[in-house]
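In what follows, chains are A, B, ... by sequence order, proteins preceding strands, each numbered from 1.
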Amino acid sequence: MNQNEYNPSDIEKKWQEYWQEHNIYAVENNVTDKENFYALSEFAYPSGNLHVGHWYAFAVPDIYARYKRMSGYNVLYPMGFDAFGLPAENAAIKRGLDPRKWTYENMDYMRNQLRSMGASFDWSRSFATCDPEYYKWTQWMFTQFYTNDLIERSLIKTNWCESCKTVLANEQVVSGECERCGNGVIQKDMAQWMLKITKFADALYDDLDTLDWDHSIKQAQREWIGRKEGSLIPFKIQESEMYDVNTGPGDDAFRQGEPIVDRDNVVVIIEHPEKDEFLCAKWKQVDWQGFVTGGIEQGQSIEETALTEVREETGYQNPEIVKIYNQSSHGLFWHVHKKQNRRANYRIVHVRLKDLEHIERRQEEQEIADFLWIPRSEVNDFLKREDMKYPWRVVNQKNNLTSQVEQNENTIGAGIFIKTKEGKYVFQKRDNNPERAKGITALFGGGLEPNETTRQTAVRELREELGLEVLESDLKFIDLQNHFDNPKKNSALFLIEGINFESLKLKEGVGLVELFIDEIFDYPKMGKFGRLYATKKRSLLENSFFETKVFTTRADTLFGATYIVLAPEHQIVQNIKSQITNWNEVEDYLKEVEKKSDLDRQQSKEKTGVELKGIEAINPATGKPVPVWVADYVLVHFGTGAVMAVPAHDERDAEFALKYDLPFKFVVLPSAGEIGNSRPLITSGENAFILAAGTTEQKGSQEHINAEWNAMYDVLGIIEDGLLPVGKRFCCTFEGKVINASGDVNTKTSEEARNIITKMVGGEITKTYRLRDWGISRQRYWGTPIPIVYDPEGNPHVVPEEHLPWTLPDDVDFTPDGTAPLARSEKLKKRTEEIFGTGWTPEVDTMDTFVDSSWYFYRYLDNNNSSEFVSKDIMQSWMPVDMYFGGAEHTTMHLLYSRFWVKALHSLGLVPANEPYQGRLNRGLILGPDGAKMSKSKGNVIDPDEVVSHVGADTVRMYLAFIGPFNEPGNYPWDPNGVVGIRRFLDKVWRLQDKKTETSSEELVSALHQTIKKVHEDIDRLKLNTAISSMMTFINQAEKSDGITQAEYDIFLQLLAPFAPHMCEELWMQNHSTSIHITDFPEYDESKISSGMKALPIQINGKVRAQIIVEEGENNDSLQNRILEMPEVQKWTEGKVIKKFIHVPSKIINLVI
RNA sequence: GCCGAGGUGGUGGAAUCGGUAGACACGAGGGACUUAAAAUCCCUUGCUUUCGGGCGUGCGGGUUCAAUUCCCGCCCUCGGCACCA
C-alpha cells in the first residue's frame, strides 16, 4: 500500500503542536513594516463544548485571517470568553456547582477544542470577562460614565422575566416573551441603573454611513433606533366650561372713599338635571340679576356654602358639586343692599341638580329673587342685559388648570423652574457658597418642612433664597420627579413664568444663571434635574400643563385634526385630574389599561378610549376647540405621548373616530394619479369619492378619473369644508396638495405645507426616537458587580478606583428568588462597612453581560496592562476592528451597545476611535441535514469532533467555507455527502504530489494564474465558496495534464494553505524549512493568463448557434466573412438578409437576420 | 402594514460592468477496475422532442441586437420594525 497516503489524524495534531511551539501566530503590537489588520470573531460563550456553529464562526473567518496574514498584513485574530451570564449560573444551580469553577473548567476544555480547528488565534492575548483583571476595567468605565452623567439611577417600569427572575433589556424581549427562556415578561417597577444610550441616538444613526457594513445590517439598526423626523405642534389645553367674574369695579358699582370690606363668596352655577340650562336669578328688590351667591362663613367649606345656598335660596334640594374652580377672583363693587364697598374673593362652583325635588322657599327668600332656567348658550347674553348692574360676568377666560398630584407621602422636596419674560430659565449658582457643593448650578428649591405642602415650600424657598414673593397660585406644577439618588423619594417641580428680576434680595453666596433651554444641557456642573429636563423631559417643562405638544410626521394635515389623544400614562392626565368632570369614568379606563400587559395591548387591536370631559384643546391652525381623549393606542414612550388625531388622513385615527363618531375633516387631496391607482384607500366601505374644492389638478386627468369613479362608485360630490358626512367617511393617507386649510397653505404640497404650518403655529421641526435608555441592572449573581455603595441615607457613591476590582463575593447562595443574590453575601456587606463605614451598604445588582462584551475587543490589544484598560498608542494602531464576524442575532443588541460604548468612551476622551467596527459580516446558520435548526430533540445535531475524526479538521473547515457564500447570511444545511466531496478534493491534491514533472504545459500555467487571480478576488469578497470551486477546477485540470512542476505545486499549496492549513503545511515542509503560513500569498501574472486566441460564441438573433476561434485584433470584415462561410451559420442565414453584425470584442458576436 | 434581502436543475449553489444560464460540489444513472465490497477512474445528468429543434432563472408586461442582470405591475419566502403618530 501507498504509505504516503493523506491521513489527517496523523498530521493535524503534529502541526498544531509545531505552530504552538514555534509561536508563529503571536502578533506584535508595534510592527512598522506591515499594516495592521484586526480580524475579529465574536468571542465564545463557555458553554462546555464546541458545536458546528463554533466551527462556522471561528474556522471560516480564520481562512480570511490567514489569507490576510499571507498577504502582508500584521493580522490580529484573537479569541477570548464571554464568561459571565445566566446560562452558567443556571447550569451551576442545576448541578449544585460553583459557577466560577464550572466556567473556568469549561474554558480550559474549550480552548483545547478550539485548537483542534487549526485556527490561528494568538492565545497569549486571551482573557475571560469574568477575570477580575478584566472586569476591573468594566467597573472603571462604569465609574467614568457615572461621574460624567452617562448613567443614571431611576425607578422605571422594567421587563421582568418570572422564570429567569431578572430584569431584561428591551432588546431581550421578543414579542412579549423572554428571549432566553420564552416565558412571558411582566412589567415591574424597579430602581435601575440606566445607560444613556439615547444621548447618542443621532450619532449611532448617522455614523452608520461611515461604516462598510452590509446595507441590511445598517437598516436594521436604523429601524431599531427608529428616528423619525416630524414636527412638534403645541396644543393649548383649557377648561371647556369655565366661569369667572370680572375683576374691575363698574362705574356706579364702587364708591370712592368708602371703606372696603373683604368677603369670601361663592358664585354657584346651577345646571338643570336633564336640560342644558342654567338657573339664573332675578333679584326682586334691586332688580339685579345673576347667579346664586353667598358668603363663606368662618369654618365653612366652599362646598357646604354652595350646597346650602342652593337649597335655601332656590329651594332645590339635591344639588351635587360638579367642580369648584380653583382660581378665585377679586372683585371690587358697591353692595347696594348692604351699603358697603366690597372686595369679594369669588370661588365659582358648578353644581348639577340630581333631580327637581323642590321645597317652598322661606318667605324672605321668595321676596328677594325669582329664578329662571336659561339655556347654556344664552347665559352670557342674559348676564349682559342692560339692567344687569352686578359687576361680575361669565367670561371666557380659559386656562386656569392646576394640579393635585404635587404631593404624596414620599414627596420630600420642591424645585422651581423660573422662567423669565425673555423665555430663559433661572438657576442658582453656588460658586461663592462654601457650605454647599461648590460651582453646582442647581434649581431653586428645598426640602419640605414638617406639615408643609410643596407649594408652601416653594413659596418659602423663593422668599428665602431669592427674596422673591410669589403666590402659591402662581406656581404651575410640572412633574413629580423621583430623585436620581433615591428613586423612591420625590420632589414636586414647579414652574413660575414671567418673573421680573428687578428687586431681588439674593441669599449670600448664591449667584444667578439665566439660560435658554438649549443651553441647559451643556452648562458646566448643571445639576441633574436641569439636565434631565433639558433633554428628556424638555417637553414637560415647555408644555407646562396647559399646553401639550404632539409629535407628528404629517403636520400638513393639522387643519384636519379634529381631536387629540393622550396616552393613558401621560402626565397631563394626572395633572389636570381635578378639571376632568368625568374622572370616575377616566379612572376606570386607566385602571383597565394598567391591567393589560404590553402584550395584550399589542394583541387586542380593537381601539378603546375615553373622552376627558371638562377640558378641550385648541387646534392651533384653526383656533377651534377640539375634544381631548385618552386611548391606549397612543404610546407614552413615543414622541410626546400625545397625538393630534386626523381621521381623514390616518388609519388608526380613522378607526378610532369611526368607533366614537368623531369628525373627519379632509384636508389633503392626493394627486390624481394616486387616487386612480389607489381605490382601496377607501377604508370606510362606503365607496365615497371626494371631489374637493380647491382642486388644482389638470383637467384632463381629473375628468378621466371622475368618469371612471362615477361608473364604479357613488360620487359624493363637492364638499366645501372637507367635513365628511356620517356614512361617507374614509381615510386617505397619501400625500398631495393641501385643501380646506388656509390661504397660506391651500394648494401647497404636503411637503411644503409641513414646514409652513409648523412655523405658522409656533411648532418646531424635530426628531423622535424609538430607542430607549439601556437598563443594565440584573438581579443575578454571575455578573460584574456594579461598583456602587450607598451611604446610610441611601445615597449612592461610586467605589473609588483604588478599590477596583470590586470583586464578586464567593459566599453567596444564588438560588433565584427574585431578590439579588449579592444581598445575601456577608463578606460583601463586611467589606463595604470596613472600607466606607458603618451603615454603608453595597449595590447588590450585577451588570447585564452585554456590558462585558461592549468593550472586549480593546482588551485583546493589551491584555496584561494593569494600569490602563489598554494603552492609547496600541489602541491607535489597531482600532477600529477591520472585519468583525458574528451572528445576525446581535445586530440590534451587542452591535448597538458596543457602538454606544465606544462613542461614550470617545466622548470622554478615553479612546480615539468613534466606532468599534469598520467592517462587519453577519454569518448564516448551519442547519441539520434535514434542513431544520440543529437541536438535540430533533436528533439532527452534528458533532464536529466526530466528523473531524473521520475526515480531518481541514475538510471540515473547507466544507463550511464551501457550503455557501459567507458574505450572505443564509441558512445552509449540513450535508454529510458534501463533506466527502471536499475530502475527495484534498485527496486529489495530496495525490498530485506523485505527478510532479520537470516542465508543464502552457495551459496549466495559464490555469494556475487564473486560479490565483480568482482566489484573490473571491477571498477579498469573502466568497470563499467560489474560491474553493476555482481551486477544484484547477486540480481537475492538473490531474488530466501530463504533470505539474514543484514550483507550481508549491504555489497551489500556498493558495490552499488558508483553507487547509495542516495538509498544506505537511506537503510544504517536505521541501521547505519554514512554515507555509508565514510565506507570501502568490501573485498572478496577467500575461500568463491570456493567450492571443479566444473562442467566441456566435449568436443568431440572440440565440447561440456556433463558436469561432478569434485572434486578438482581427478586423470585423474578415471576421464577418469567416463567420458567414461557416456551415453551422449558413444553416441559419440561408435565404435571409443580414441586417446587423454586432461584435463585442472578447465577449460575443450577434447576427441579426 | 412599513423597511430590507431574496426567489436559478433532484440538492447546496455559480454567472464580478446587459454578452455562451446552470461553474464547482452533492445526489442519481451507466461503465471500468475487483472474487466481492470500499476506494478510485471514465461517461451521462435543466425540461422536452417527431432528434431539425422548442422551452427554460417566481408570474405578467416593457426596454435592447442581446435580460438571471435594467424598467413597470404583481406573487411568494426569509429577516427587521410594527397601534411608532
Side-chain angles (χ1 to χ4, degrees), chain A residues 5 175 214-228 230-231 550-554 557 564-565 567 601-607 631-635 637-646 649-653 655-656 677 733 768-770 888-889 891-892 922 931 959 962-965 968-982 984-985 987-988 991 1014 1017-1018 1020-1021 1023 1025-1033 1035-1036 1039 1095-1107 1131 1139-1153:
Chain A
E5 201 174 305
S175 58
D214 188 82
H215 176 70
S216 343
I217 308 176
K218 291 188 189 181
Q219 204 54 35
Q221 287 219 347
R222 288 194 187 105
E223 301 247 352
W224 188 266
I225 296 166
R227 183 164 82 185
K228 289 260 166 60
S231 310
V550 303
F551 177 78
T552 178
T553 55
R554 291 294 305 273
T557 64
I564 71 168
V565 191
R601 240 170 108 167
Q602 273 166 30
Q603 276 171 352
S604 64
K605 299 275 180 185
E606 168 79 13
K607 290 185 175 50
D632 67 353
Y633 81 90
V634 174
L635 308 173
H637 290 296
F638 192 78
T640 58
V643 300
M644 62 183 218
V646 188
H649 301 290
D650 181 281
E651 283 184 28
R652 293 165 312 231
D653 298 338
E655 195 190 318
F656 192 79
N677 290 333
T733 56
T768 182
Y769 306 87
R770 199 193 82 100
E889 69 275 19
T891 302
T892 47
N922 278 2
Y959 173 65
F962 185 63
I963 202 164
E968 289 169 27
N971 298 333
Y972 309 110
W974 177 277
D975 178 3
N977 292 313
V979 180
V980 172
I982 296 290
R984 280 182 198 147
F985 164 71
D987 282 332
K988 286 183 195 176
R991 269 187 260 117
K1014 180 96 172 113
E1017 289 169 355
D1018 286 351
D1020 281 336
R1021 289 190 297 151
K1023 291 214 61 170
N1025 54 336
T1026 51
I1028 293 170
S1029 80
S1030 68
M1031 288 189 284
M1032 286 172 165
T1033 308
I1035 286 298
N1036 289 344
E1039 260 193 337
L1096 279 196
I1098 299 168
Q1099 288 185 340
I1100 291 156
N1101 280 354
K1103 292 206 159 71
V1104 178
R1105 300 296 183 189
Q1107 277 213 343
K1131 194 168 84 184
K1139 281 196 198 159
K1140 216 169 183 181
F1141 175 83
I1142 295 156
H1143 176 210
V1144 184
S1146 74
K1147 290 271 188 193
I1148 207 157
I1149 291 152
N1150 196 4
L1151 300 180
V1152 187
I1153 57 173

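Across every strand in view, C81(B) sits in a pair with G1(B) that passes the Watson-Crick or G-U test at under 3.5 angstrom. In this entry C17(B) has no Watson-Crick or G-U wobble partner, no candidate having both defining distances under 3.5 Å. Searching all strands for a Watson-Crick or G-U wobble partner of G6(B) with both distances below 3.5 Å returns C76(B). For C41(B), the paired nucleotide is G31(B), the pair qualifying as Watson-Crick or G-U wobble because both relevant distances are below 3.5 Å. Using N1 to N3 plus N6-O4 or O6-N4 for Watson-Crick, or N1-O2 and O6-N3 for G-U wobble, each under 3.5 Å, A66(B) pairs with nothing. In this entry A25(B) has U11(B) as its Watson-Crick or G-U wobble partner, both defining distances falling under 3.5 Å. Judged by Watson-Crick or G-U wobble contacts below 3.5 Å, the nucleotide C55(B) has G46(B) as its partner.
Taking atom P in both G12(B) and G31(B), the straight-line distance is 29 Å, to the nearest Å. Taking atom C1' on both nucleotides, A25(B) is separated from A66(B) by 31 Å, rounded to a whole Å. One C1' atom belongs to U69(B), the other to U64(B), and the distance between them is 13 Å to the nearest Å. Taking the C1' atom of each, U57(B) and C47(B) are spaced 13 Å apart, rounded to whole Å. G73(B) and G22(B) are spaced 29 Å apart, taking the C1' atom of each and rounding to whole Å. Annotation: C24(B) and G6(B) have their P atoms spaced 25 Å apart (nearest Å). Annotation: U77(B) and U8(B) have their C1' atoms spaced 15 Å apart (nearest Å). Nucleotides G9(B) and G27(B), compared at atom C1', are 12 Å apart to the nearest Å.
Backbone-only contact: Pro965(A) has heavy atoms under 4.0 Å from sugar-phosphate atoms and none from a base. Nucleic acid contact for Phe551(A): base, since at least one base atom lies under 4.0 Å from a heavy atom of the residue.
Taking each heavy atom of Asp1018(A) and Ala1027(A) in turn, the nearest pair found is OD2-N, 3.3 Å. Scanning all heavy atoms of the two residues, the minimum distance from Trp974(A) to Val979(A) falls at CZ2-CG2, 3.6 Å. The shortest non-hydrogen separation linking Arg227(A) to Tyr769(A) is CD-CE2, 3.4 Å. Listed here is the closest heavy atom pair of Met1032(A) and Ile982(A): CE-CD1, 3.7 Å. Nearest approach of Met644(A) to Thr557(A), heavy atoms of both residues: CE-OG1, 3.6 Å. Closest non-hydrogen pair, Ile1149(A) versus Leu1096(A), comes out as CD1-CD1, 3.7 Å.
Nucleotide G79(B) holds its P atom 13 Å from the CD atom of Glu889(A), rounded to whole Å. Atom pair Gln221(A):CD and G79(B):P shows a separation of 19 Å (rounding to whole Å applied). For the pair Lys1140(A) NZ and A66(B) P, the computed distance is 9 Å after rounding to whole Å. Whole-Å rounding puts the Lys1103(A) NZ to G52(B) P distance at 18 Å. Distance OH (Tyr633(A)) to C1' (G1(B)): 17 Å, rounded to an integer number of Å.
The CD1 atom of Ile963(A) lies 10.5 Å from the CD1 atom of Ile1028(A); values are rounded to the nearest 0.5 Å. To the nearest 0.5 angstrom, Arg222(A) atom CZ is 11.0 Å from Ser216(A) atom OG. Here the CG atom belonging to Leu1151(A) is positioned 6.5 Å from the CZ atom belonging to Phe1141(A), to the nearest 0.5 angstrom. In this structure, the separation between CZ on Arg554(A) and NE2 on His649(A) is 7.5 Å, given to the nearest 0.5 Å. Here the CZ-CG distance, from Arg1105(A) to Asn1150(A), works out to 11.0 Å after rounding to the nearest 0.5 Å. One distance of note links CG of Asn1036(A) with CZ of Phe985(A); it measures 8.5 Å at 0.5 Å rounding.
Each of Phe638(A) and Arg1105(A) has a nearest nucleotide on RNA chain B; the 5'-most of these lies closest to Arg1105(A). Where His637(A) and Ile963(A) meet RNA chain B, the nucleotide closest to each residue was compared, and Ile963(A) sits on the side nearer the 5' end.
Proximity of Lys1023(A) to the phosphate of A15(B): a side-chain N or O atom is located under 4.0 Å from OP1 or OP2. Note on Lys607(A): every side-chain N or O is 4.0 Å or more away from OP1 and OP2 of C83(B).
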Inset, instruction - At under 4.0 Å between heavy atoms, which parts of nucleotides 2-10 of chain B does protein reach? Answer with one letter per nucleotide, 5' to 3': B base, S sugar-phosphate only, - none. - result: -BSS-----
Inset, instruction - Go along nucleotides 24-34 of chain B 5' to 3' and tag each nucleotide: B for a protein heavy atom under 4.0 Å from its base, S when only backbone or sugar atoms are that close, - otherwise. - result: BSSS-------
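Between Asp987(A) and Arg984(A) there is no salt bridge, since no side-chain nitrogen of the basic residue lies less than 4.0 Å from a carboxylate oxygen of the acidic one.
By the 30° and 60° cut-offs, the orientation of the rings of Tyr633(A) relative to Phe656(A) is tilted.
Glycosidic conformation of G62(B): anti, with the torsion beyond 90° of 0. Glycosidic conformation of G80(B): anti, with the torsion beyond 90° of 0. Glycosidic torsion of C17(B) falls within 90° of 0, placing the base in syn.
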Please list each protein N or O that sits under 3.5 Å from an N or O in nucleotides 19-22 of chain B, with the distance.
unit_1 : atom_1 : unit_2     : atom_2 : d
U20(B) : N3     : Gln1107(A) : NE2    : 3.1

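Closest to the side chain of Lys1131(A), from the set C55(B), G52(B), G13(B), is G52(B).
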